*Asks:* 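The structure is given below, and queries will be raised subsequently.
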Amino acid sequence: MNAPVAATAALERPVALSIEHVAVHFGGLVAISDLHFTVGEGELVSLIGPNGAGKTTAFNVITGFLRPTKGKVVYRGTPLTGLKPHEVTKLGLVRTFQRTSVFDSCTVFENVLMGLHRRVHIGLVATILALPSSTRAEAELREQAWDILRLVGIEHRASELGGSLPYGEQRLLGVALALATNPSALLLDEPVSGMNPTETGNFVRLLAKIRERGTTILLVEHDMPMVMGISDRVVVLNNGRLIAEGPPSVVQNDPEVIRAYLGQGAKSA
Amino acid sequence: MTRLTPIIVLLFFASVPWWLTDQYLLHTLITTGIFILAAMSLNLLLGYTGQLSLGHVAFFGIGAYTSALTALGFDVELFGLFRVVHEPWPPVLGLLFGTLVAALCGFVIGKLSFRVRGAYFVIVTISFAEVTRLVSLNWVELTQGPLALPGIPPLTIGFPGLGYMTLWEKTENYYVVLAFIVLAYILIKRLVNSRFGRAMIALKGNESLATSVGIDVTRYLVIAAIVSAGMAGCAGALYAHYIQIIDPMIFMFLNTVTMVIMVITGGKGTLAGPLVGGLIFGLAPVVLRSYVGPEIQWILYGLLMIVVVFVLPQGIVPAIEQWFNRTKAEPLREPSVAGKGERA
Ligand SMILES: Nc1ncnc2c1ncn2[C@@H]1O[C@H](COP(=O)(O)OP(=O)(O)OP(=O)(O)O)[C@@H](O)[C@H]1O
Ligand SMILES: [Mg+2]
């Protein structure tokens, strides 16, 4: 495999996230076998592959929604084995969902407030007594919520219900929720699927802004022009196996990748 | 709905003892108020976290017995080994202990059952209520079993220096219950509009997303269970000192069902829901009784419930809110509205 490429990447940046020989079996089905790769601090790595390759399963393992059958995941030196999703989030590693996932019956503003859950701590007693400290903290949360809505560009939707937004904006709200947790690494599962080209363009600009903050990004996406345009490195999965890893220019021309994925993917993209 | 609505409603209920001459109706209002308090506590769990406690009466009964026994004193032998003797304490301390012991039970039940949720929680709470009923029935030395605990002293309230008052009269009890409802309302309102309430609403709405943004779902369920159980215990203690006699019948399933009916018909997950549903279904039996016989009374009660649930499946309060929002929808804009995205 492409060990030399991985080695150079590791030399350039300290490793943030490492997936170490992870395997996931669902009964007899092997969804992932021996997946091994790293993501550097501040790096944007894309995880691509045909439908059913195991990309979402990999996300589920990394973020604590699934226990791997074998192997482990380490984030910034902390093994994530056995951690629950909210504990993984506490470490700064946050994901979005492939199937649009927002709090449908809450307003967009409330959605973001929910995402800000971990940002400001207010005690139970202070809340019940409405102490000035809690009122101040709540006001601060609201400021932060507006900042995030503006960053993502859906501030005009603040008072609408999450479930009533057009599809593209629901996807953005999903990203806003993840951003609200102030992640140091963001895992995006097909964020632009179903977006039109203008929306996709805006999203690429948003990603650039997020990267400016030094946020590490692991991206799952079928939009090949976008993936090849913005990734530092690309990791290719097929049938649960890693079949290639390297900079976009290298991966794009890898015969095995073309045969397994790009041959069909390029057509649809 | 305007901001003034709760104030106007409160003023109206504060005026009731001034013009209501029917003492039986006043008594019904007091017991209904106590059940409304219990229904409000149930609503915190059922309406905001989506967890159905079908043994909620256990917390109510535990609050009642704890408070009664604290005020009456007891003398029991534990495991045939040693004796525990407790001298009578002021009823107000009973109210406090009743609340705390019930809250502690809420904590234990929450810890036990919230790792696996949904149906499991329903079963655990039902079983817990049955166990508490059997204990109250069979631990005769402590509770006098089916013979009931009579002579529970009424509450004495007051502040050092300001003077004290013992609640012998119905009017006094009415105002105390009203005050507790107001306090509970404010407490729940602050809670659900805070980070805690948002965590509860989030875990009910979309649990994977909630955990993904860092909400420790179990922790917030347990917090809700503690507050809810404590509030139910407080209601039970008020009941014990008002009625002045309690027996194991307090744990009957029908009492839980009454609370659930109050919450569902009024509108679960709304602040005013248990108040509206509670008033209707707390007063209905009495109002019906003055017109029809007991059999017809319960048939009409059942029909009323079915009609409300079928016509307004979300409950009465959400239906009224929707109607109000339709009549005056007001679009919100960013700069002037920082905060208007919040839950009314
Ligand atoms: N919970 C589960 N139980 C059983 N099988 C599962 C489960 N989750 C995923 N799988 C299977 O694991 C394989 C990998 O699925 P996964 O969702 O990870 O694919 P993916 O790469 O994200 O595909 P797509 O591009 O369509 O999103 C598929 O064969 C899928 O059916
Ligand atoms: Mg997927």
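Chain identifiers are assigned alphabetically (A, B, ...) following the order of the sequence lines, protein sequences preceding nucleic acid strands; residue numbering begins at 1 within each chain. All of these numbers come straight from a predicted model, not from anything done at the bench. Below, each value reflects all heavy atoms present in this structure, side chains not excepted, and no hydrogens, waters or symmetry copies.
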*Asks:* Taking the six-membered ring for Trp and the single ring otherwise, decide whether the centroids of B:Tyr220 and A:His86 are under 6.0 Å apart.
*Replies:*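 Judged by ring-centre distance (under 6.0 Å), B:Tyr220 and A:His86 do not meet the cut-off.
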*Asks:* Locate the shortest heavy-atom distance separating A:Thr89 from B:Thr211; write the atom from each residue and the value.
*Replies:*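 Closest heavy-atom pair between A:Thr89 and B:Thr211: OG1-O, 3.8 Å.
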*Asks:* Could you tell me the separation between the CD1 atom of A:Ile128 and the CG atom of B:Leu183, rounded to the nearest 0.5 Å?
*Replies:*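 Result: 11.5 Å between the selected atoms.
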*Asks:* Check whether any side-chain heavy atom of B:Val213 lies under 4.5 Å from a side-chain heavy atom of A:Arg118, and answer yes or no.
*Replies:*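 Not touching, per the 4.5 Å side-chain cut-off.
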*Asks:* Measure the shortest side-chain to side-chain distance between B:Asn206 and A:Ser101 over non-hydrogen atoms and say whether it is less than 4.5 angstrom.
*Replies:*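 With C-beta onward as the side chain, the pair touches.
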*Asks:* Taking C-beta and beyond as the side chain, do B:Ile201 and A:Phe103 meet within less than 4.5 Å on heavy atoms?
*Replies:*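 Contact flag for B:Ile201/A:Phe103 side chains = no.
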*Asks:* So which residue, A:Leu124, A:Leu141, A:Thr63, A:Asn111, ends up with the most heavy-atom pairs under 4.5 Å with chain B?
*Replies:*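 Max contact count across the listed options: A:Leu124.
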*Asks:* Relative to chain B, which segment of A:Val108 carries a heavy atom at a distance below 4.5 Å: side chain, backbone, both, or neither?
*Replies:*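 Answer is neither: A:Val108 stays 4.5 Å or more from chain B.
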*Asks:* In this structure, are over 12 heavy atoms from other groups packed under 6.0 Å from A:Arg119 atom CZ?
*Replies:*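 Atom CZ in A:Arg119 is packed in, count exceeds 12.
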*Asks:* I'd like to know if A:Glu138 and B:Arg190 make a salt bridge, using a cut-off of under 4.0 Å between side-chain N and carboxylate O.
*Replies:*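 Between B:Arg190 and A:Glu138 there is no salt bridge, as every charged N stays at least 4.0 Å from the carboxylate O atoms.
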*Asks:* Should the heavy atoms of other residues, nucleotides or ligands under 6.0 Å from NZ of A:Lys55 be counted, would the total exceed 12?
*Replies:*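 More than 12 heavy atoms, drawn from other residues, nucleotides or ligands, come within 6.0 Å of this atom.
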*Asks:* Out of curiosity, B:Ser212 OG to A:Phe97 CZ, how far, rounded to the nearest 0.5 Å?
*Replies:*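 Separation between the atoms: 4.0 Å.
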*Asks:* Does atom CD of A:Glu160 have more than 12 heavy-atom neighbours, drawn from other residues, nucleotides or ligands, at distances under 6.0 Å?
*Replies:*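 Yes - once you tally the heavy atoms of other residues, nucleotides and ligands closer than 6.0 Å, there are more than 12.
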*Asks:* Using 0.5 Å steps for rounding, measure from the CE atom of A:Met114 to the CG atom of B:Leu203.
*Replies:*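 Here the rounded value is 9.0 Å.
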*Asks:* Quick check on the interface: out of A:Val112, A:Val94, A:Val102, who has the most heavy-atom pairs with chain B under 4.5 Å?
*Replies:*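 Among A:Val112, A:Val94, A:Val102, the one with the most close pairs to chain B is A:Val102.
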*Asks:* Quick check on B:Ile186 against chain A: is it the side chain, the backbone, both or neither that has a heavy atom closer than 4.5 Å?
*Replies:*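 B:Ile186 has no heavy atom closer than 4.5 Å to chain A.
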*Asks:* Taking the side chain as C-beta and beyond, is there a heavy-atom pair between B:Arg195 and A:His121 under 4.5 Å?
*Replies:*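 A side-chain contact exists here, since the closest heavy-atom pair is under 4.5 Å.
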*Asks:* Between the side chain of B:Ser194 and the main-chain N/O of A:Thr127, is any donor-acceptor distance below 3.5 Å?
*Replies:*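 No, B:Ser194 side chain to A:Thr127 backbone: no donor-acceptor pair under 3.5 Å.
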*Asks:* Tell me whether A:Tyr167 at atom OH has more than 12 heavy atoms from other residues, nucleotides or ligands lying less than 6.0 Å away.
*Replies:*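 More than 12 within 6.0 Å, yes.
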